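Below is one structure, written out as structure tokens; comments come after it.
All chains are named by letter (A, B, ...) in the order of the sequence lines, taking the proteins before the strands, and each is independently numbered beginning at 1. Since this is a predicted model, take the numbers as computed values, not measurements.
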There are 2 protein chains.
Amino acid sequence: MVTIRDVSKLSGCSVATVSRVINKSGYVSADAKQAIQKAIKELNYKPNTIARSLSGKKTYTVGLIIPDIMNPFFPEIARAIEDVASEIGYTVLLCNTDDNLQKEKNYIDVLQTKQVDGIIIASYTIDEQQILNLYQDRFPVVVLDRIFHSSNIPAIVSKNREGSYIAVKHLIDQGCKKIAHIAGPFEVYASRERFVGFEEACKKNTCYLPSLISYQNGFHVSHGFDGMNELLDKDSEIDGVFAGNDLMALGALKALNKRGISVPKDIKLVGFDNTSLSAMTIPSITTIKQPIYEIGKRAMNTLLSIIDGKKVEKYVTELDVELIKRESS
Amino acid sequence: MVTIRDVSKLSGCSVATVSRVINKSGYVSADAKQAIQKAIKELNYKPNTIARSLSGKKTYTVGLIIPDIMNPFFPEIARAIEDVASEIGYTVLLCNTDDNLQKEKNYIDVLQTKQVDGIIIASYTIDEQQILNLYQDRFPVVVLDRIFHSSNIPAIVSKNREGSYIAVKHLIDQGCKKIAHIAGPFEVYASRERFVGFEEACKKNTCYLPSLISYQNGFHVSHGFDGMNELLDKDSEIDGVFAGNDLMALGALKALNKRGISVPKDIKLVGFDNTSLSAMTIPSITTIKQPIYEIGKRAMNTLLSIIDGKKVEKYVTELDVELIKRESS
DNA sequence: TTGAAAGCGGTACCAT
DNA sequence: ATGGTACCGCTTTCAA
């Protein structure tokens, strides 16, 4: 391995001077600079990042903590984060925690001992105190898809409530009279918000009935499937369904399909997220688009601001959602 | 930040001894050990991984280079790798390269200066010489879904040829007389193999016609859509389609749907990969299951063996594929 | 404008 | 069994 001392020797300058030209810091004469650059070329010298980190206190690496990269919401988040990271020479550590407290705690420890410059966390279950500790230690953190009202931890979320409202409004506009909702788990911030948005829209438009909500303890395809069946068993006049996310919407679609109920003729269906799968189903699913990529991008940019010691003016960034009309409605 | 010297002072032992108990190396008296462990607890000391890496030459981090985490094949790969990594205290750097040579070259450099212990590469385009260089520098590398016959670079692939054969055989068993293939780009190892498997199966079973193949220059939904339309325009008697992967199968399904051709009644369809989406479509898509998780797992285990200096006996690991029967056939 | 040298937080060799 | 200390490769202060 070629070190800074090799460059120093070959160029006839001291390591300090070499360091200066590498980092473009301090004064270096044109002659010295040239000699050093020549030596760097010749030796194909690449500064050792580890040594740099140890001395300089920065690793140019951030940690991304998510429940599971296999959940279709997260690849795009990860991609966005990685895109802005790599753009400026940062690198991203991928951490899956399955919403498991122990794994989360463990990863936070690991990331700290690895001296990452900051952490982006998307977790439904994580111990609030855990994150608060980081925040109070002035460790750069940004939270996704969740808000801690008890503190000023920077958070990026999208307008879930408004999204639900738009979804229900759309179903009404399409002629639906009896609209049901398949709600995700209430521990999850986004589920709660979507539920509230649904309630608000229903109250304003007189289609609210408590029996028209199925409460699920998860948000995967199977939950949508079960929820849809549950709703259909209770009330056969349902003509519109708003599912808490696309995965559940797909589950609902499967249940409807199995019963021979036609979408969108008999029942119209709207999902949430606009994950890639919603465009892939047949019929494709109308959904509320979260700007997933944008969420990731903003999160990373916010994190970088914090890392650079800039004051973050907006602690909560709320991003706009949008109705994507497709075949299911 | 608490350092080893703080522990040394508080415990009354030297840093060398503290280091010994941290690493369970060398002899330490019971008394010393106890005092040190007490001090570690009290100070909540965590060894600094960066310092450790600088001195010890290992970072316990590996790089994962893939085209795009948003491609549904890779989240599961990433998950598998991260699972085995985290299990033994390793950490994974996520690198998306979009099959772009410059990005690949750049990431390989970055990963080397970050001193990762090894790299797992899944790339269709990457310069063979690039990887060869790493390999010859004795830098631990494992390649996914591709084989370099010119060298002994460890590779994990699945039995693509056999998979195609099984797919075609299945279509024949279902009564298909005229089977078409939508082939992915030939630069991609897996596409070539699947194509060859298709040809072999057709020749053995007398349903081979060159006109029944659509050659696509990509493998996304749109390519399947276009390919299907192309085939249908050429020959209206097709009653079975084998798509080069699930995304293309979905595209084909969409095209068929649009033309009012019923699947599986009029045309039966088989995909490849068994990505999660294949189970989600309506009708769900029969496919050849690649053991995606297993591929990732093996790749990481192989990499770890290499890192630990063990001899790798099998340079090419070929994993079995399996027919997953679903509604589309 | 330059260089010597003291860290950064560990590891591990060599004495004792 | 233990401790002193010279590294690992780079940054940064301080003096020249």
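- Side-chain N/O atoms of A/S14 include one lying less than 4.0 angstrom from OP1 or OP2 on C/dG3.
- Taking only side-chain nitrogens and oxygens, A/Y27 never comes nearer than 4.0 Å to OP1 or OP2 of C/dG3.
- Summary of the strand contacts: B/S55 and B/A30 both lie near DNA chain D, and taking for each the nucleotide with the nearest heavy atom, the more 5' one is attributed to B/A30.
- If you measure from atom NZ of B/K114 to atom P of D/dC10, you get 15 Å, rounded to the nearest angstrom.
- Comparing B/C13 and B/G56 by the nucleotide of DNA chain D whose heavy atom lies nearest to each, the residue mapping closer to the 5' end is B/C13.
- Listed candidates were C/dG9, C/dA12, D/dT2. Nearest to the side chain of B/A32 is D/dT2.
- We find that CD1 of B/I50 is positioned 14 Å from P of D/dT11, with the value rounded to whole Å.
- Rounded to whole angstrom, the span from the CG atom of B/D6 across to the P atom of C/dC8 amounts to 11 Å.
- At the heavy-atom level, A/K58 lies nowhere under 4.0 Å from the strands shown.
- To the nearest angstrom, P of C/dG10 lies 12 Å from NZ of B/K46.
- With C/dA12, C/dA4, C/dG9 as the choices, the nucleotide that has an atom nearest any side-chain atom of B/M1 turns out to be C/dG9.
- A straight line from CD1 of A/I22 to P of D/dC10 spans 7 Å, rounded to a whole angstrom.
- Residue A/E42 qualifies as enclosed at atom CD: its count of foreign heavy atoms under 6.0 Å is above 12.
- Salt-bridge check for B/D68 with A/R79: passed, with a basic side-chain N closer than 4.0 Å to an acidic carboxylate O.
- The nearest whole Å value for the distance from the CD1 atom in B/I4 to the P atom in C/dG9 is 11 Å.
- Panel note: side chain A/N48, backbone A/I50; a donor-acceptor pair is recorded below 3.5 Å.
- Between B/S29 and the phosphate of D/dT2, there is a side-chain N or O to OP1/OP2 separation shorter than 4.0 Å.
- The residue among A/R20 and A/R5 whose nearest nucleotide of DNA chain C lies closer to the 5′ end is A/R20.
- Residue B/K58 places its NZ atom among more than 12 non-hydrogen atoms of other residues, nucleotides or ligands, all under 6.0 Å distant.
- At a threshold of 4.0 angstrom between heavy atoms, the contacts of A/S19 include nucleobase atoms, whether or not backbone atoms are also involved.
- Distances shorter than 4.0 Å separate some side-chain N or O of B/N23 from OP1 or OP2 on C/dT11.
- B/Y124 pairs with exactly one of B/F73, B/Y189, B/F219 by the ring-ring contact (aromatic ring centres under 6.0 Å, His included) rule, that one being B/F219.
- Between the NZ atom of B/K9 and the P atom of D/dG3 there is a distance of 15 Å, rounded to whole Å.
- For the pair B/Y60 OH and C/dG10 P, the interatomic distance rounds to 15 Å; values are reported in whole Å.
- Mapping B/T17 and B/L54 onto DNA chain C by nearest heavy atom places B/L54 closer to the 5' end of the strand.
- Within the nucleic acid shown, A/V18 has no heavy atom closer than 4.0 Å to any nucleic acid atom.
- Counting only N and O atoms by type, the side chains of A/K114 and B/T61 include a donor and acceptor under 3.5 Å apart.
- Distances shown here put a side-chain N or O of B/K57 below 4.0 Å from the OP1 or OP2 atom of D/dG9.
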